[in-house]
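These notes concern the structure reproduced below.
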There are 2 protein chains.
Amino acid sequence: MTASDKADEQRFLEEYNPKDYLSPLVTVDVAIFTLIEGRLHVLLVKRANHPERGRWALPGGFIDAGQDTTLSEAAARKLEEKTGVTAPYLEQVYTVGDNTRDPRGWSVTVLYMALMAHAPTAAFVDSVADTRWWPLADAMGQDLAFDHRQLLDAARQRLSNKTAYTVLPVHTLDAPFTLTQLQQAFEEVLGAALEKKSFRRRILSADILDEVGEAPPPGGRGRPAALFRAKAGLGEHAFVRVVGEGK
Amino acid sequence: MTASDKADEQRFLEEYNPKDYLSPLVTVDVAIFTLIEGRLHVLLVKRANHPERGRWALPGGFIDAGQDTTLSEAAARKLEEKTGVTAPYLEQVYTVGDNTRDPRGWSVTVLYMALMAHAPTAAFVDSVADTRWWPLADAMGQDLAFDHRQLLDAARQRLSNKTAYTVLPVHTLDAPFTLTQLQQAFEEVLGAALEKKSFRRRILSADILDEVGEAPPPGGRGRPAALFRAKAGLGEHAFVRVVGEGK
């Protein structure tokens with residue numbers, strides 16, 4: 001670009017006002033999952049404002065151009081503002097946008113899927129009347145706001161698909177945990193039983209866990225169980241072979 | 001929702017004006033691939049307007065809330081308006097949004113990956129100075145507009161990842177084609193040679209092709225080659241086992 005082109009572009013940008021154009025509404029929504037007493041739960045918020053007031057929904061909200069620098073930061077911010085929790089693991093699932101999903105106008109939402117160890121939640125802003133961890137089946141049975149039932153279903157599918165070849169369920173456990181607890185987390189997410197020996201071989205050969213001690217044997221008898229935590233910085237990028245393939 | 005709640009929501013919506021809020025710019029961008037003389041190409045457009053005037057870019061543009069009903073319709077419309085081509089196969093890759101990728105302001109783009117048999121292209125709107133099918137390596141070597149080099153790279157990776165377990169490259173060929181031509185398309189997308197017998201067994205057992213005749217043998221000698229076309233309605237949802245795994 002020549003200097004004159006550059007100056008010309010500069011003038012264009014100075015005169016450009018985004019408010020001159022009607023842009024779609026842009027939101028982020030987060031389906032965050034955890035395990036409570038071994039069962040998969042999802043966090044929902046009850047809407048205190050129009051539209052869809054009184055309905056349960058995924059936590060989320062509008063991008064704030066003055067506050068957010070990226071979409072994933074906006075997702076983390078909205079989650080924390082509305083529910084008080086922070087997600088150690090957050091990934092983008094997909095984006096839905098059309099002229100019917102929100103009665104306020106053409107609306108785009110970027111859906112995120114998140115995982116965390118169980119923690120309490122609470123409503124922190126006026127736009128939220130209540131927050132609650134729901135057993136997944138109960139949440140799917142609700143008449144959720146907007147198209148959030150479809151969004152929740154897509155996030156749930158992403159989680160279970162990826163659990164076949166990643167170690168995502170590790171993010172639903174408090175450390176330290178035993179391999180039995182980790183296997184139960186995988187089984188709950190997959191909805192299927194796994195063969196113990198092959199599960200352990202795969203997890204250990206993936207080299208994603210640090211052994212950090214021993215739990216006393218249940219009832220004081222037998223061998224103690226080894227305790228583990230995920231290696232630092234473990235995200236989705238630690239792949240094991242497809243779990244369950246050797247059943 | 002009670003009738004009074006409903007009336008209250010109705011009043012809220014009547015008073016809601018999306019233009020009262022500063023919403024991010026929302027665009028769609030399309031990385032569309034084809035094979036020309038057996039080599040993978042991508043379609044780029046040369047920008048005629050600010051910003052980034054004169055740079056090559058992926059075809060795309062703003063959502064038009066009055067014209068588009070969904071994101072994927074907007075992607076198809078922008079592709080056709082800017083280049084004259086229509087994509088028989090289009091899938092969403094991911095969404096990028098932040099406060100730096102576009103000098104006009106907070107900007108979100110939803111990236112699509114598309115495939116088609118080779119067809120000519122031409123600039124149809126004032127915002128496009130030129131259109132051209134580029135060999136992929138040459139396109140990646142360009143100083144593309146905005147973050148389009150990253151977008152193109154993500155689309156290229158999605159295509160090659162999915163080619164390991166779907167029949168996507170079938171969409172790059174004009175029908176009818178021989179199995180040898182289809183194998184060459186897979187090999188070009190994957191950047192790797194495939195074993196002929198196992199490729200044929202997998203494609204044929206996936207039951208995704210209709211046999212529609214025979215091509216005369218090259219040079220008039222030997223056995224004629226069977227000609228195929230993809231079954232009607234074939235999208236991405238025809239999975240073969242991972243190609244190349246039996247090499």
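Labels below follow one simple rule: chain letters A, B, ... track the order of the sequence lines, proteins then strands, and each chain is numbered from 1. Quick note: numbers below take in every heavy atom, side chains included, and nothing from hydrogens, waters or symmetry partners.
- More than 12 heavy atoms of other residues, nucleotides or ligands lie within 6.0 Å of CG in N17(B), so this atom counts as buried by the packing criterion.
- Atoms CZ and CZ, on R53(B) and F12(A) in that order, are 10.0 Å from each other to the nearest 0.5 Å.
- No part of V93(A) comes within reach of chain B, as not one of its non-hydrogen atoms sits under 4.5 angstrom from that chain.
- When all heavy atoms of S23(B) and S23(A) are compared, the pair lying nearest together is CB-CB, 4.1 Å.
- The OG1 atom of T95(B) lies 4.5 Å from the CD atom of Q92(A); values are rounded to the nearest 0.5 Å.
- Both the backbone and the side chain of Y94(A) have a heavy atom closer than 4.5 Å to some heavy atom of chain B.
- Shown here for E9(A) and E52(B), the closest heavy-atom pair between the two residues is OE1-N, 2.7 Å.
- Taking CG of N99(B) as the reference point, atom CG of D64(A) lies at 11.0 Å (rounded to 0.5 Å).
- Residues of residues 69-78 of chain B that come closer than 4.5 Å to chain A, counting heavy atoms only, are T69(B), T70(B), L71(B), ordered by residue number.
- Under the side chain to side chain contact (heavy atoms under 4.5 Å, CB included) criterion, N49(B) pairs with S127(B), not counting sequence neighbours.
- In terms of heavy-atom pairs under 4.5 Å with chain A, the best-connected choice from D98(B), L25(B), L22(B), D8(B) is D8(B).
- Heavy atoms closer than 4.5 Å to chain A are found in both the backbone and the side chain of D68(B).
- The ring pair (Phe, Tyr, Trp, His ring centres under 6.0 Å) check on F146(B) picks up H148(B), with sequence neighbours excluded.
- In this structure, E81(A) places its CD atom where more than 12 heavy-atom neighbours from other residues, nucleotides or ligands lie under 6.0 Å away.
- Heavy-atom proximity under 4.5 angstrom to chain A picks out P103(B), R104(B), W106(B), V108(B), V110(B) from residues 100-112 of chain B.
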